[in-house]
Amino acid sequence: MKSPILETRPLGFPWVTADPFLFCVHHDDKYPAGNEQLGPAASLAGRDIGQDFEGKDGWRMYHGEVVPGFPGHPHRGFETVTVVRQGLIDHSDSLGAAARFGHGDAQWLTAGAGIVHSEMFPLLEPNKPNPAELFQIWLNLPAEDKLAPPHFAMLWSQDIPRVGFTDEAGRRTEVTVVAGQLEGRRAPPPPPHSWAARPDTDVAIWSIRLEAGAVWTLPPAANPKANRMLYFFEGGALKLADQFIREHQAMVVRSDAAVRLEAVDGACELLMLQGRPIGQPVVQYGPFVMNTRTEIQQALNDYQRTRFGGWPWKDSDPVHPRDEGRFARHADGRIERPSR
């Protein structure tokens, strides 16, 4: 039988992706207890503050100086999907919107014509560790939507389907459906101008967890033209069809065929990114992703001229109060909070 694996790549930082996706990174930081400023209650000596990506002591400050994270920075021409498995993110942006989300929530942000946002990782617990784990995924926009109005949608954990399966031996597999659908369970809707909002693009973002020894068959994509990538990032060894995968890696797999997965050495976790390719030129300059160099130059000019609405916050790295719960305040003033 022909192998469903078309190509394998090592997991790097970031992970390799395929059209319509542009970027995927897995942040997994074992932060210590937090201090009064919601930063780490630990020495920052020996770190390249402002550019701390080395993972000293199991955690990184990234571009943060007091609180870990990513102070205000611009985007144009694509979307970010941020899936937080542990910990919290404080979002603030140039439209005056803000949010705190985590513990299984996701934020889907259409940068479109341009937005500046900060993503900080507040360490709320003063007396115990503050682990943070998340995926940030960049999904491209087609040419006709690259200048869509900026918009974000909150996908609260309570609304994200988690579909369970039990194999013949009674072992469990759980699939978290951030985008797409499985077994009749559909993820919350993405923003209206997203490539994923089109019915024929078959965009799917799933995280898959198999108990030790569990067997589960990944169904074929609805659209056989979809690109499909599996990222094996947790667990000792995985059997994919008839091939043993003993190292964490990214795999391009056939989207038109079912794929049997088996956790052969402890529990295993995978991320799946899938979608029909956009098939247009990609020209990227840092946080701007357009179709031509002329459009990149226009993005730079527009950002220098307008700052994509300016920055209404006192600091470039704002965090919300320690006692603030999970919430989202949109640019139109609408406030939403999860019920649990």
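Fair warning: this is a prediction, and the values are worked out from it, not measured in the lab.
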Q: Please collect all side-chain hydrogen bond (donor to acceptor under 3.5 Å, both in side chains) contacts where either partner lies in residues 67-76, sequence neighbours excluded, each pair once.
A: His73-His75, His73-His117, His73-Glu119, His75-His117, Arg76-Asp302

(Q) Under 6.0 Å between ring centres: does that hold for His320 and Phe327? (A) yes

Q.
More than 12 heavy atoms of other residues, nucleotides or ligands under 6.0 Å from CD of Glu144: yes or no?
A. yes

Q: Using a cut-off of 6.0 Å, state whether more than 12 heavy atoms not belonging to Tyr285 lie near its atom OH.
A: no

(Q) Walk me through whether His63 and Phe53 qualify under ring pair (Phe, Tyr, Trp, His ring centres under 6.0 Å). (A) CA-CA 8 Å; His63 296 312; Phe53 285 79; 5.2 Å; yes

**Q.** Transitive ILVMFWY cluster of Ile137, excluding itself - 4.5 Å side-chain cut-off
**A.** Leu6, Leu11, Trp15, Val16, Phe21, Val81, Val83, Trp108, Phe135, Leu139, Leu155, Ile160, Val178, Trp195, Val203, Ile205, Met229, Tyr231, Phe233, Val252, Leu271, Leu273, Ile278

Q: Work out which heavy atom in Ser118 is nearest to a heavy atom in Gly72; give both atom names and the distance.
A: CB-N, 3.5 Å

I'd like to know if [X] pairs up with [Y] as an ion pair, taking the criterion as any Lys NZ or Arg NE/NH1/NH2 lying under 4.0 Å from an Asp or Glu carboxylate oxygen.
{"X": "Arg60", "Y": "Asp52", "value": "no"}
{"X": "Glu295", "Y": "Arg293", "value": "no"}
{"X": "Arg322", "Y": "Glu125", "value": "no"}
{"X": "Arg334", "Y": "Glu336", "value": "yes"}
{"X": "Glu65", "Y": "Arg47", "value": "no"}

Q: Please work out which of the three classes, parallel, tilted or perpendicular, describes the rings of Phe308 and Tyr303, given edges at 30° and 60°.
A: tilted

Q: May I ask you to decide if the ring planes of Tyr31 and Trp59 are parallel, tilted or perpendicular, using 30° and 60° as cut-offs?
A: tilted

For residues 214-223, run the donor-acceptor check on the side chains, cut-off 3.5 Å, and write out each pair with its distance to 0.1 Å, sequence neighbours left out.
{"unit_1": "Asn223", "atom_1": "OD1", "unit_2": "Lys225", "atom_2": "N", "d": "2.9"}
{"unit_1": "Asn223", "atom_1": "ND2", "unit_2": "Asp200", "atom_2": "O", "d": "3.0"}

Q. Does a side chain donor of either Lys30 or Asn130 reach within less than 3.5 Å of an acceptor in the other side chain?
A. no

Q: Check whether NZ of the Lys or CZ of the Arg Arg9 lies under 6.0 Å from the centre of the six-membered ring of Phe232 and within 45 degrees of that ring's axis.
A: no

